[in-house]
Every structure is written in structure tokens, then in C-alpha cells.
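Below, each value reflects all heavy atoms present in this structure, side chains not excepted, and no hydrogens, waters or symmetry copies. Source: prediction; values computed, not measured.
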Amino acid sequence: MSKNKRTAIEPTRQENYSEWYQQVIKAADLAENSEVRGCMVIKPWGYAIWENIQRVLDRMFRETGHRNAYFPIFIPKSYFEKEAEHVEGFAKECAIVTHSRLEPDDSGGLKVAGELTEPYIVRPTSETIIGASFAKWVNSYRDLPLLINQWANIVRWEMRTRLFLRTAEFLWQEWHTVHETQEEAMEETMQMLQVYATFAQDYLAIPVIQGEKTEGEKFPGAVNTYSIEAMMQDKKALQSGTSHFLGQNFAKASQIRYQNRDGEFDYAWTTSWGVSTRLIGALIMAHSDDNGFVIPPMIAPAHIAIIPIYRDDEEKEAVLKVAKEIQNSFKKTMLEDVPVYTELDDRDLTSSERNWYWIKKGIPLRIEIGPRDVASQSVMLARRDKEPRDKVSVPLTELKEQALAMLKDMQAGIYARALAFRNENTIKIDDNKEFYKYFTPKNAEQPEIHGGFALSHWCGWMECEERIKDDLKVTVRCIPFDQPEEDGACISCGKPSQRRVIFAKSY
RNA sequence: CGGGAUGUAGCGCAGCCCGGUCAGCGCGCUCGGUUCGGGACCGAGAGGUCGGAGGUUCAAAUCCUCUCAUCCCGACCA
């Protein structure tokens, strides 16, 4: 095998980004397509990341007062029909249950029977079914606020699917709240967007931009939708979490009313928000390289691969003994609030084979221990965000301390790298021609990675947004909160604008 | 759901145009041995009703029809 510049993943990001993405998932053994069209099988290494996401978010939600509950996967069609915009938004991607029974047919197979009086929609989101419960639970202003979260699976019958980014079934968390006042509901919406942003940055090591969605991009039925937007390594935007202020739309649809402090009946104000297994796709595309997955330590399923190296049984015994001692020494070790897990890999493969296996899986640190190290009471330590051959010798006495320091440094480092990448690829554009040039690939036949985020003025008209979308497939990702008001001219029509928005291609 | 491409062993592919020793290659896997600090080597071996269903033919991986799935582009979306 040639030893020069071979990458573990082929093609590279530069050569074919979407193929590279598929190959990383395969090489890291995160998930695979199932026999069911559009649905994925999430494998242990990938599912462990989701479990970590759940564990961390659940704690963050608990700290903000939420409680978990569970609602049916089936939503009666009549519930769904109550909110017009909502219906319009989801009608084209619903799976519908119409029968309740199977009966033998003439050819030895089965036929459906027992038609339901009312079809059930397999939930694409749960506002309406949860609303029906909330209507019963809320009677008085004293019942508010009501803060409920659900971890669930969701079905949206997508035409075009990609592992983690868009599948027919996916896992998510949906949080639904009911409030007495508009202000309180709005505050809730904002607070939880901030929670998502904090989570993305501190755990996933992905910098995100918080902002408001445009009329055309908001959640069907919402008054306002807010999102966190992240830049992937192909410079496209990935909406990584959303938070919706639903006004009284769903309260009216589901009759969520309460007696206010004056004894009058008022419709409540509701919010909803969620993140999904799509976050795993974000992790892959934000951090991974041409050798495979790179996982931020704070969300990694395991943190350290221990790779013993030996030639014969005698060496094996000596090396494994120390390797196991190292593994034991990490038991109950915490990386901030995350337990540190190790994997001792003593499979009968060459050391480099085992090394590359863990590199592709994205484990943050690798410890190599061979006879020489045993003799010198040290190990070789390598981190995933450096070159594969980049290793340092560390005395056993300092191993734990240095490994933890390295994990922290790596967490900060990959965040900094992602942030630098986003900053390098975010520019202010005020000229229409320049804007079009920025978003037009040089080679239309084989579009290269190009563009990025453009901070440009937009007048707020949907026509301008549509025109840009039709021309360039570029949309307003969000109206960021952190942009100052300033006078400018709409990048499309030239009319006055007071604020820059983020334009980008997106997933 | 429209346009394009692809489905041959676990993975990656050749063969298809011109039907007939075309069931093949590389990696992986199993066994034995030598190896082991940067994707090892030698030897032996296992593994596929060529995505599925029909059809044409003496004969189909190869031609025709239908169907399913995946990937890319578009529309739609977390």
C-alpha cells in the first residue's frame, strides 16, 4: 500500500462533498439505509451520540423547568385540519393509517381490512394532538405556564432523503408550552433558542447564528419562527434547531382557553421548538475531515481508544496488563459534566489497522502502548484533530491529567476552527452583481464548493427573496439578532433596508 | 413527484453495445504460518439463483417490458 497522502475517506471533501459525507457515515459505522425506503438504521456508534444529545439537553431543559411526557404517534385527521396553515405545510408529506387489520387473501398473502372511520396521520409534529390534551389541562391562569417536552419519532414522507439530514422517520425532541401572556410566550421562545445555541456551541462545538426566519421560511402555523443556523464545510447553511412563537393560532385551533385574573376566558399563547437527529448530520459536516469522523469530546460516545502493541505472548501479557490499568484509571473520570469512556482494542489486527479504525470513527484520543512504553512507563498519545502520525510521549503518571487537558483543548480547538471557517466564508455584499458572482459556481457542470454566507441588505419583500431563490437557490437563512440597524439598499430591488440578513445555500 | 445515472460476493468494481467457457478481479472474510511503533506478507479456502418479476430465444448478467431501491439535479422540507 502506498503510504503517501492516502486519505481514509475517498472521495475527499473537495472532490465530492456529498459522496464524502456518505462515506464518512459508512466508515464511522454511524448509520445505514434500511430496507424501508427513506428510513435509516442508526447503529450503536451513531445512536450513542443521540443518547448523549438527549442526556445533555434533557438536563438543560430540566433546569429551565420542563417535564417530559408522551403523546400518541397517531393524530386523527380532524385534529390536523383545525389549523389551516399547518395543514397546508404538512399535507404533502404525511403517512396515513387507514386500516386496523390484516386478513388472508386468496394467494396466501395478506390484505388490509378493517377500515378506520377516521384516518390517523402518523405525526409529522405534535402541536395538534398535544393541543387537544392541553385544552383539557388548562382551565385557569393558575395552570400556566405549562411546560411539556416529548422525545419521539416523527414521520415526514420525504421525496429525497439523506442519512441524518432528511429521512422519512427521524428522532427528535419537541417541547410545547402554554402561557398566559404574549410576552411570556415570546420570552420562552427566545430563552429556548438560546439554550439550543449554547448546546450547539458548548457540546457540539458548532458556532451558530441566532435569528428570525422570514415569512416564507417559518413553521406552518407559527407567528414567528427562530432558528440557529450553522455553516457546514461546503459553506452551506444547516438549520440546526428551531423555536416557534405560535401566538394564539394553535390555542384557537385546539381551544386552549383559561379563565384569566378577571374571570374572563382568554385563549392561551403557545410555543413549540425542537431539535432532531439532524444534529448528528451537522456534527459530521461541521468537523469531519478526509480521514473520517471527528467528534467533539463533550458529545463523543467514547473518548479514548487504547491500542496495545505487542509481538509475542510475553509482550502481550506485559502490555495488556498496563493497558488495562490505564483503562481502569479512567473509570469515573469526568470531562466537565461528561463521563469519560475508554475502548481497549486488543483485536488481533496490526496496530495501524486498529489506529485507522478509530481515526475513521472519530474517537477524540488514541493511546498506543507497546513494549518500549511499558519499559519507559509512558504511552504515545494522539488526538483526532491533529495529523494521524502526530503523537506525543506521555509518562503514565501524567497521562490522565494530560489526556483531560487535551480533550478540553480539542473541544475548544474544533470550535475555534469551525468559527474561523465560518468567519472566513462570511462576507458583506452590497452590490447585486457581486452577490450573483459569489453564489454562482465557476463550473456549472461540476459545481465546486463555493459561496458561503452573505450579509446583505434585504427590503423584507417576499418577491425579492423568491427572485434570489429562483436565480441562485440562495435563501434568507435568518434575520440575525446581532446585526445592528443601518441604512442600506436591498440587494435585489435596491429599496431601502435597515438591516442585513444572512443569505446562503442551505440543506 | 419530474429529469439523469446506477444496482453483479460484506465493500469497491469489470463484464452488457456485439446473447454462447462471463460467474470474474481487488479489498475484506476463514484456516495455517511469518509478522506487528503507521492501513503487513506467503500459502490454502469459503462466499454470488448478476436488485426483483415477466417476456424474447435452442441459449439471457447481456436484448425487451414492468417493478423496487440507491445516488445526483430540480420542486418540497428539520
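The separation of B:C29 from B:G7, taken at their P atoms, amounts to 26 Å, rounded to a whole angstrom. Taking atom C1' on both B:C64 and B:A75, the two are 32 Å apart, rounded to the nearest angstrom. Look at the C1' atom in both B:U35 and B:C42: the space between them is 11 Å, to the nearest Å. B:U49 sits 23 Å from B:G28 when the P atoms are compared, rounded to a whole Å. For the P atom pair drawn from B:A14 and B:A5, the interatomic distance equals 16 Å after rounding to whole Å. Taking atom C1' on both B:A46 and B:A23, the two are 16 Å apart, rounded to the nearest angstrom. Rounded to a whole angstrom, the distance from the C1' atom of B:C16 to that of B:U62 is 4 Å. Straight-line distance between the C1' atoms of B:G24 and B:C41: roughly 24 Å, to the nearest whole Å.
Place A:Thr350 and A:Lys92 on RNA chain B by their nearest nucleotides, and A:Thr350 ends up nearer the 5' end. Summary of the strand contacts: A:Pro220 and A:Lys391 both lie near RNA chain B, and taking for each the nucleotide with the nearest heavy atom, the more 5' one is attributed to A:Lys391.
Note: CD (A:Glu88) to P (B:C76) measures 13 Å, nearest angstrom. Computed from coordinates, the A:Asp313 CG to B:U34 P distance equals 11 Å when rounded to whole Å. Atom pair A:Asn153:CG and B:A78:C1' shows a separation of 15 Å (rounding to whole Å applied). Look at CD on A:Glu466: it is 12 Å from C1' on B:C76, rounded to the nearest Å. The distance from atom OH of A:Tyr196 to atom C1' of B:A78 is 11 Å, rounded to the nearest whole Å. Distance CE (A:Met40) to C1' (B:A78): 11 Å, rounded to an integer number of Å. Remark: C1' of B:U35 and CD of A:Glu315 are 12 Å apart, rounded to the nearest angstrom. For A:Glu93 and B:A75, the CD to P distance is 16 Å, given to the nearest whole Å.
A:Ile309 is not listed as a side-chain neighbour of A:Val319, based on a closest heavy-atom distance of 4.5 Å or more. Side-chain contact between A:Arg162 and A:Ser18 is present, with at least one heavy-atom pair separated by less than 4.5 Å. Under the 4.5 Å side-chain criterion, counting only non-hydrogen atoms from C-beta, A:Gln54 is not in contact with A:Leu171. A 4.5 Å side-chain heavy-atom check between A:His303 and A:Ile363 finds every atom pair outside the cut-off.
If you check every strand for non-hydrogen atoms under 4.0 Å, A:Glu368 touches a base. The residue A:Lys26 sits close only to the backbone: its heavy atoms come under 4.0 Å of sugar-phosphate atoms, none of a base. Using a 4.0 Å heavy-atom criterion, one finds that A:Phe90 contacts no nucleic acid atom at all. Note on A:Leu165: a base of the nucleic acid sits closer than 4.0 angstrom, heavy atoms only. Within the 4.0 angstrom heavy-atom criterion, base atoms lie near A:Tyr310. Residue A:Thr242 is classed as having no contact, given no heavy-atom separation below 4.0 Å to the nucleic acid.
Checking A:Gln210 against A:Gln194 by side-chain atom types alone, a donor-acceptor pair falls below 3.5 Å.
The ring-ring contact (aromatic ring centres under 6.0 Å, His included) check on A:Tyr120 picks up A:Phe74, with sequence neighbours excluded.
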Base versus backbone protein contacts along nucleotides 67-73 of chain B [heavy-atom cut-off under 4.0 Å; B, S, -]: --SSSSB

Heavy-atom protein contacts under 4.0 Å, nucleotides 3-8 of chain B, coded B base, S sugar-phosphate only, - none: ------

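Taking every heavy atom of residues 372-386 of chain A and every atom of RNA chain B, pairs under 4.0 Å involve A:Arg372, A:Asp373, A:Met380, by number. Near RNA chain B, defined here as any heavy-atom distance below 4.0 Å, the residues from residues 353-365 of chain A are A:Glu353, A:Asn355, A:Trp356, A:Ile359, A:Lys360, listed numerically.
Aromatic ring orientation, A:Phe199 versus A:Tyr203: parallel (interplanar angle below 30°, classes split at 30° and 60°). Ring geometry for A:His66 versus A:Phe61: interplanar angle over 60°, hence perpendicular rather than tilted (30 to 60°).
Nearest heavy atoms, A:Pro308 versus A:Ile306: CD-O, 3.3 Å. Nearest heavy-atom pair, A:Trp356 versus A:Pro388, reported as atom, atom and distance to 0.1 Å: CH2-CG, 3.7 Å. Between A:Arg383 and A:Met406, the closest heavy-atom pair is CD-CG, 3.7 Å.
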Trace of the side-chain contact (heavy atoms from CB on, under 4.5 Å) decision for A:Asn52 with A:Tyr47: CA-CA 9 Å; A:Asn52 285 345; A:Tyr47 195 73; over 6 Å; no

Residues A:Trp151, A:Trp50; criterion ring pair (Phe, Tyr, Trp, His ring centres under 6.0 Å); working and verdict: CA-CA 11 Å; A:Trp151 291 96; A:Trp50 180 240; 5.8 Å; yes

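Heavy atoms of other residues, nucleotides or ligands lying less than 6.0 angstrom from NZ of A:Lys77 number 12 at most.
In this structure, of B:C36, B:A40, B:A78, it is B:A78 that holds the atom nearest to the side chain of A:Ser276.
Ion pairing of A:Glu229 with A:Lys213 is present here, as a side-chain N (NZ or NE/NH1/NH2) and a carboxylate O approach within less than 4.0 Å.
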Intra- and interstrand pairs of RNA chain B - dot-bracket, Watson-Crick/G-U under 3.5 Å, | marks other strand: ((((((((.[[[[.)....(...]]]].((((((.....)))))).....[[[[[..)....]]]]])))))))....

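No option in A:Arg384, A:Lys360, A:Arg13 other than A:Arg384 meets the salt bridge (charged side-chain N to carboxylate O under 4.0 Å, His left out) test with A:Asp289.
For A:His86 and A:Phe80, the ring centers are positioned less than 6.0 Å apart.
A cation-pi arrangement is not found for A:Arg123 relative to A:Phe90, the charged atom failing to lie both closer than 6.0 Å to the ring centre and inside a 45° cone about the ring normal.
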